[in-house]
**Q** 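My questions will all concern the structure given below.
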Amino acid sequence: MSAIHPKITEVLTHTFKVPDAEIHPGSTMDSLEMDSLAVAEFAVLIRETAGGDRDFDQLPKNATLADISRFLDTAAGSGARLGGAAMSNAR
């Protein structure tokens, strides 16, 4: 898995109390029962943890954790910054 995945897992388990067993590459924010406010907070925390300024609105609503990891890794690899506005995931 990507270098950012452990950070994603840490934020989900420590801040949002998502059981570690539920966190896998195919998980989506919906499958982890994260409402739109939690998703917005997650985006802010990942931005703060990983640094940068990436626009999460570019991700589809049903993005998996693997998609999010690739998105962040691509940003880091291209010299772009991570973070930005919260992912759209209204329920």
**Q** Would you compute the distance between atom CG of D35 and atom CD of E41 and round it to the nearest 0.5 angstrom?
**A** 9.5 Å

**Q** Would you say L65 and M29 make side-chain contact, with heavy atoms under 4.5 Å?
**A** yes

**Q** Does I8 form a side chain to side chain contact (heavy atoms under 4.5 Å, CB included) with L72? I'd like the steps, not just the answer.
**A** CA-CA 10 Å; I8 290 172; L72 294 170; 4.3 Å; yes

**Q** Under 3.5 Å, which donor-acceptor pairs do the side chains of residues 15-22 form with other protein atoms, sequence neighbours left out?
**A**
residue: K17; atom: NZ; partner: H14; partner atom: O; Å: 2.8

**Q** So, taking the atom named OG1 in T9 and the one named NE2 in H24, what distance separates them when rounded to the nearest 0.5 Å?
**A** 11.0 Å

**Q** Taking side-chain contact (heavy atoms from CB on, under 4.5 Å) as the definition, give me every residue that meets it alongside T64, ordered by chain and number, with sequence neighbours left out.
**A**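 Per chain and number, T64 pairs via side-chain contact (heavy atoms from CB on, under 4.5 Å) with T28, A66, D67.
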
**Q** Just verifying a value: how many Å separate I46 CD1 and F71 CZ, rounded to the nearest 0.5 Å?
**A**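 Nearest 0.5 Å value for the CD1-CZ distance: 12.0 Å.
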
**Q** Drop me the distance from M34's CE to F42's CZ, to the nearest 0.5 angstrom.
**A** 6.0 Å

**Q** In Å and rounded to the nearest 0.5 Å, what is the CD1 to NE2 distance from I23 to H5?
**A**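 The NE2 atom of H5 is 7.0 Å from CD1 of I23, to the nearest 0.5 Å.
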
**Q** Find the distance between CD1 (I68) and CD1 (I4) and round it off to the nearest 0.5 Å.
**A**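 Interatomic distance, I68 CD1 to I4 CD1, rounded to 0.5 Å: 10.5 Å.
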
